[in-house]
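This report refers to the structure that appears directly beneath it.
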Amino acid sequence: MIKVSFPDGAVREYDPGTSSMDIARSISEGLARRILAASVNGQVWDLNRPIYEDSAIKFLAWDDKDGKSTFWHSTAHLMAEAIEARFPGVKFWVGPPIDNGGFYYDIDLGGRSITEEDLRALETDMAALAKKNNPYVRKAISKADAVAYFTEKGDEYKLDLLQNLEDGNITLYSQGNFTDLCRGPHIPSTGLIKAVKLTNIAGAYWKGDEKNKQLTRVYGISFPSQKELDEYLTLLEEAKKRDHRKLGKELGIYTMDDDVGQGLIMWMPNGTIIIEELEKLAKETEGDAGYHRVVTPHIAKENMYLTSGHLPYYADSMYPPMELDGEKYYLKSMNCPHHHKIYAAEPKSYRDLPYRLAEYGTVYRYEQSGELFGLMRVRCLHMNDAHIYCTKSQFESEFRAVNDMYLKYFKIFGIDKYVMRLSLHSPEKLGIKYVNHPELWKETEEMVRQVLIDSNIPFVEVQDEAAFYGPKIDVQIFSVIGREFTLATNQVDFSQGRSFKLEYTTAENETDVPLIIHRAPLGTHERFIGFLLEHYAGKLPVWLSPAQVKVLPISDKFMDYAKVVLGKLKAAGVRASIDDRNEKIGKKIRETELQRIPYMLVIGEKEMNEGKVAVRRQGKGDSGVVLVEDFLTVISREITNRSNED
RNA sequence: GCCGUUGUAGCUCAGUGGUAGAGCACUUCCUUGGUAAGGAAGAGGUCGAGAGUUCAAUUCUCUUCAACGGCUCCA
């Protein structure tokens, strides 16, 4: 007998060779019907795989992350079966589940292409195949047999996969007429897949390398019931409504134009107000933290970018140079070199450090055309940039102060869904993507890691994401459509101080090179505002809102009083206007609501006679009649406090 | 940059091998209305751009530009 223990601590005995499914059935039929896979000693297993040893078991159902991935992975195989039946001779690369929902399969269609109509037909095929309730059958196979099998099939992709697999560790999975090289696990049978949606078709380089052939990737998602699929589709629709590109247009935040160029944002009056509020916040905060503000040009000569390392490392993402008087000038892709020159303009002693230079710097980056994305990925951006020059002993407290600044900002904006990422270099890319100082990388990476640990900030470590000049902490956020972006960044630079020959005189009257911190807690205006629009679903807090109050007279009989109210609002520094159109109040309210203007002041006879206003909060309806002065007190406080409540 | 999709009025979108339509927005008039769309009339587009096929192209073909979905990339 084998001992099987459960998450609640219970232990039961079973015959060796019992499967997780048998065990589930011995507990309850309902459980057996619900589960998709099992975790056996921490590994996800097929439910029908026999267990021969004492094991800790946990059943995985749809509400489990691993249950979902297993389900989606199995659906990918189901899709492959349907595709192979419809397009004989196609070859499959890999078909994994996706973390944030669904699955894909990369396919070599052999010159054919798949259309939207094909997807609809494949969905029908898949539903029919699912209905057959074919079991997913696992078969362990020797490497030699596997190679023979796929050689006969002429499947160079699976043979390629096999190269990196160890003999004795190779399994095939089959369901219906489809067999795939796969480590599994899978759900018991296709009948569990009740609803499938194939969402899109895309190209994807084989092994993710753009030098390789491009395969066709088909994305899909599936659910154990039609209802859940419908809910998912509704959720997608909702997400689209808060897409910053849609809101940006509806709210008059920004525009782009073919004549201006790709990825070049023009901020409209409403967007500019947001920018100015953000800059005001940044200037206050940085002023308090001892930063000096500077302003630098948008271009510089080639030589500076050779010194900085930008040209050797990042020439591809800089705009090509313009030539003047026989000199090459580049649009700047970073502000740091200019700031270094300001540092170097006057001799520094240790008494001058930390020396902090801040600028909302405009930089230009030649992003690949296919990568541009609304406000989130653009070619001209305005960075909340600053560089801190400090001694080694000051580094930790400076770096930590920057982190504290992040957290302060995030609290103001109510940002809580982000991932702090410690971005490290890759040793094999030293001298290619990263400056070649292995010992400095090691030292500074440890230093940054320690700051995070000491500050009790949860973080993930990722290789090969560092800046070319040093490790960094990135704050990763997700757009409503699920794309990941670095919102803010806090970077160590042990390299440029040397390349620019920056120095300071130490207390011992010696010369030393400062460490540099590059930081951008508010990222760039473009990405940050794009993020905020989605974060707030367009309902910006009052202090940030381009229009804060709309005065809505019931009819033009009350226009004079409305103007008095407007005058008081403006005198108090509130951004307000009157809807003086000849429209009914219902329509004025509807349009103001749609513009996400936080406060509406409805004014009619009663309000006029009593010196009051009827307040309506955006999204919340009528919230009562108050004296104009009382309203002013409330809104002024909300603005001054940069209140995030509504 | 690569694969795929799309491009018609300010916006959202119909439509056709015989030089275009709706709703909203806009303008004017009527209406002076109390918490999410009052009524009427009017104006507005060389159908992304260029070339080709055709008696005739917004429609078919090619090129190009841009947007979108991915891939690659992202200091």
Side-chain angles (χ1 to χ4, degrees), chain A residues 104 106 109 113-116 199-219 240 243 245-246 249-250 252 255-259 261-263 305 308-310 313-314 316-318 332-337 363 365-374 376-378 381 383 385 423 433-434 465-470 472 474 481-486 489 491 493 496 518 520 527 552-559 581-594 600-607 614-623 625:
Chain A
Y104 66 80
D106 282 349
L109 291 166
S113 66
I114 275 191
T115 64
E116 288 287 327
T199 46
N200 57 47
I201 311 160
Y205 299 110
W206 183 43
K207 295 186 178 179
D209 187 335
E210 62 182 324
K211 289 183 202 76
N212 285 342
K213 178 172 183 175
Q214 200 159 58
L215 304 176
T216 302
R217 177 173 293 181
V218 180
Y219 284 87
K240 273 190 193 154
D243 188 311
R245 292 166 296 182
K246 186 171 163 65
K249 176 168 264 184
E250 284 172 3
T255 189
M256 293 191 264
D257 191 283
D258 285 0
D259 287 340
Q262 277 188 295
Y305 295 113
S308 70
H310 287 93
Y313 290 101
Y314 287 102
D316 283 353
S317 40
M318 291 179 76
K332 66 178 173 182
S333 63
M334 283 290 274
N335 303 300
C336 35
V363 302
R365 297 179 182 182
Y366 184 72
E367 304 285 2
Q368 295 189 65
S369 64
E371 259 312 318
L372 300 171
F373 176 67
M376 302 270 198
R377 192 82 183 272
V378 295
L381 37 130
M383 285 185 81
D385 212 356
S423 300
K433 189 173 170 184
Y434 304 108
E465 289 288 350
F468 73 81
Y469 43 67
K472 55 181 180 150
D474 293 317
I481 65 163
R483 281 203 205 164
E484 182 176 354
F485 289 99
T486 300
T489 186
Q491 314 177 343
D493 178 355
Q496 288 192 47
H518 303 235
R527 192 169 286 178
L552 307 177
I554 301 269
S555 81
D556 57 16
K557 280 194 270 184
F558 314 110
M559 199 60 77
R581 294 173 310 161
N582 182 5
E583 294 291 351
K584 292 181 124 175
I585 192 68
K587 181 158 188 168
K588 291 182 180 180
I589 286 172
R590 176 183 159 77
E591 289 181 8
T592 313
E593 286 279 349
L594 289 175
M600 283 153 267
L601 301 181
V602 177
I603 283 174
E605 180 135 32
K606 207 174 81 189
E607 289 77 17
V615 180
R616 181 185 167 106
R617 190 71 166 88
Q618 200 275 342
K620 304 216 163 152
D622 195 343
S623 45
V625 179

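The shown structure was predicted, so the numbers you read here are calculated from the model rather than taken from an experiment. In what follows, chains are A, B, ... by sequence order, proteins preceding strands, each numbered from 1.
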| Is A/His518 touching bases, backbone alone, or none of the nucleic acid, heavy atoms closer than 4.0 Å? | nothing
Checklist line | Side-chain ion pair, A/Glu593 and A/Arg616, N-O less than 4.0 Å | finding: yes
- Message: So is the aromatic ring of A/Phe468 stacked onto the base of B/A75, judging by whether the centres are under 5.5 Å apart and the planes are under 30° apart?
- Response: no
Quiz item: Is any side-chain nitrogen or oxygen of A/Arg483 closer than 4.0 Å to OP1 or OP2 of B/G70?
Solution: yes
- request: Describe the nucleic acid contact of A/Gly374 in one word from base, sugar-phosphate, nothing, applying a heavy-atom distance below 4.0 Å.
  value: sugar-phosphate
Exercise. With no angle test and no hydrogens, is the base of B/G69 tied to the side chain of A/Glu116 by a donor-acceptor pair under 3.5 Å?
Worked result: no
A/Glu593 CD to B/A37 C1', in whole Å, measures 13 Å
To the nearest angstrom, the NZ-C1' distance between A/Lys249 and B/C68 comes to 12 Å
### Task
Could you tell me whether the side chain of A/Arg217 and the main chain of A/Gly203 form a donor-acceptor pair under 3.5 Å?
no
By the 4.0 Å heavy-atom rule, please label A/Lys606 as base, sugar-phosphate, or nothing. base
When you measure from the side-chain N and O atoms of A/Gln262 to the phosphate of B/A67, is any distance below 4.0 Å, counting only OP1 and OP2? yes
Looking at A/Ser369, I'd like to know whether one of its side-chain N or O atoms comes within less than 4.0 Å of OP1 or OP2 on B/G1.
yes
OP1 or OP2 of B/C73 less than 4.0 angstrom from a side-chain nitrogen or oxygen of A/Lys433, does that happen here? no
Whole-Å distance, A/Arg377 CZ to B/C74 C1', equals 4 Å
A/Glu250 CD to B/U12 C1', in whole Å, measures 10 Å
Margin query: Under 4.0 Å, heavy atoms only, any strand: does A/Tyr469 hit a base, just the sugar-phosphate, or nothing?
Written below: sugar-phosphate
Within the sub-3.5 Å range, which N or O atoms of nucleotides 22-30 of chain B have a protein N or O partner, and how far apart are they?
from: B/A25; atom 1: OP1; to: A/Lys587; atom 2: NZ; distance (Å): 3.0

Classify A/Gly370 by what it touches in the nucleic acid, base, sugar-phosphate, or nothing, heavy-atom distance under 4.0 Å. base
The correct set of residues in residues 211-219 of chain A placing a heavy atom under 4.0 Å from RNA chain B is A/Gln214, A/Arg217, A/Tyr219
Ranking B/U32, B/A36, B/A75 by distance to the side chain of A/Asp556, first place goes to B/U32
A/Ile201 atom CD1 is separated from B/U6 atom C1', nearest whole Å, by 13 Å
Step through the shown structure and confirm whether more than 12 heavy atoms of other residues, nucleotides or ligands are within 6.0 Å of NZ on A/Lys207.
yes
- [ ] Pick the C1' atom in B/G18 and in B/A22, then give their distance to the nearest Å.
- [x] 23 Å
Classify the angle between the aromatic ring planes of A/Tyr469 and A/His518 as parallel (below 30°), tilted (30 to 60°) or perpendicular (above 60°). parallel
Applying a 4.0 Å non-hydrogen cut-off, can you work out what A/Gly208 is touching in the nucleic acid: base, sugar-phosphate, or nothing? sugar-phosphate
Atom CE of A/Met559 and atom P of B/G33 are separated, to the nearest Å, by 14 Å
Writing each nucleotide of RNA chain B 5' to 3' as (, ), [, ], | or . by Watson-Crick or G-U pairing under 3.5 Å yields (((((((..((((....[..)))).(((((.......))))).....(((((..]....))))))))))))....
Ranking B/U35, B/C11, B/C73 by distance to the side chain of A/Ile585, first place goes to B/U35
Exercise for review: Would you indicate what A/Ala204 reaches in the nucleic acid, counting non-hydrogen atoms under 4.0 angstrom: base, sugar-phosphate, or nothing?
Suggested key: sugar-phosphate
Looking at A/Arg245, does any N or O in its side chain come under 4.0 Å of the phosphate oxygens OP1/OP2 on B/C68? yes
task = Measure distances between side-chain N and O atoms of A/Tyr205 and base N and O atoms of B/G70, and say whether any donor-acceptor pair falls under 3.5 Å.
result = no
